[in-house]
Amino acid sequence: MTKTERTIYALVGPVRYNTLSFSLAIDTAMELLFVRKIAMDDIRVTRDIYAPTAARLGKTTTAVSRQIVRLCNLCWDTMQDTGEVEQYIGKPIRDLRAPNEMIFYLAFFVHFDQPFYRVVQNVPALLF
């Protein structure tokens, strides 16, 4: 089990959903952000994350995007229910602008072992 998968399971616990597509999406985001050094604003989620994830799994982009969005929403709901928003994201927020934001939040958390907003506060260049 990868660090990404362990983070997902630590957050949501045992679930019926297949978490592989979500885990691969987070890993893809980490590669784009921290290996290829592409700014978060320049990453197009459907083209740059969902499509490669779908190709790796041999599924359609539509199917994979639905699976990922379901898990993004589950993570968000779980964080709110357990009061762990600050632990994983770094500051209290009321809502996600889009479910795919959870991919970036968890990519930062997995890569740095710190929540998104704490990392960005120290290294704002990661956003641009």
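Just so it is clear, the model here is predicted, and its values are computed rather than measured.
With a 4.5 Å cut-off on side-chain heavy atoms, Ser65 and Tyr50 count as touching. Looking only at side-chain heavy atoms (C-beta outward), Asp27 and Met30 come within less than 4.5 Å of each other. The side-chain heavy atoms of Lys59 and Gln67, taken from C-beta on, include a pair separated by under 4.5 Å. Within the 4.5 Å cutoff, the side chain of Arg70 has heavy atoms near those of the Tyr17 side chain.
In this structure, the side chain of Ser23 does not engage the main chain of Thr19 through any donor-acceptor pair within 3.5 Å. Between the Glu84 side chain and the Gln80 main chain, no donor and acceptor come within less than 3.5 Å of each other. Listed for the Asp48 side chain is a donor-acceptor partner under 3.5 Å among the backbone atoms of Arg44. For Arg56 (side chain) and Leu24 (main-chain N/O), no donor-acceptor pair under 3.5 Å exists by modelled atom type.
Atom-to-atom distance recorded for Glu86:CD and Tyr117:OH is 12.0 Å, nearest 0.5 angstrom. Between atom CZ of residue Phe22 and atom OG1 of residue Thr53 there is a gap of 11.0 Å, rounded to the nearest 0.5 Å. To the nearest 0.5 angstrom, Ile8 atom CD1 is 11.5 Å from Arg6 atom CZ. Interatomic distance, CG of Leu11 versus CZ of Phe109, reported as 9.0 Å (0.5 Å rounding).
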Can Asp113 and Lys3 be said to form a salt bridge (Lys or Arg N to Asp or Glu O under 4.0 Å), step by step? CA-CA 10 Å; Asp113 290 321; Lys3 183 177 179 183; 2.7 Å; yes
Please report the C-alpha distance between Ile89 and Phe108 in whole Å, then the side-chain angles of each, then the deciding distance to 0.1 Å, and finally whether the side-chain contact (heavy atoms from CB on, under 4.5 Å) criterion is met. CA-CA 9 Å; Ile89 297 177; Phe108 274 75; over 6 Å; no
Before giving the answer on ring-ring contact (aromatic ring centres under 6.0 Å, His included), spell out for Phe34 and Phe112 the whole-Å C-alpha distance, their side-chain angles and the decisive distance to 0.1 Å. CA-CA 10 Å; Phe34 311 122; Phe112 291 105; 5.0 Å; yes
Applying side-chain contact (heavy atoms from CB on, under 4.5 Å), run through Ile103 and Ile49 and close with a yes or a no. CA-CA 9 Å; Ile103 295 170; Ile49 295 176; 4.3 Å; yes
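For Arg36 and Glu31, the salt-bridge test passes: some basic side-chain N is under 4.0 Å from an acidic carboxylate O.
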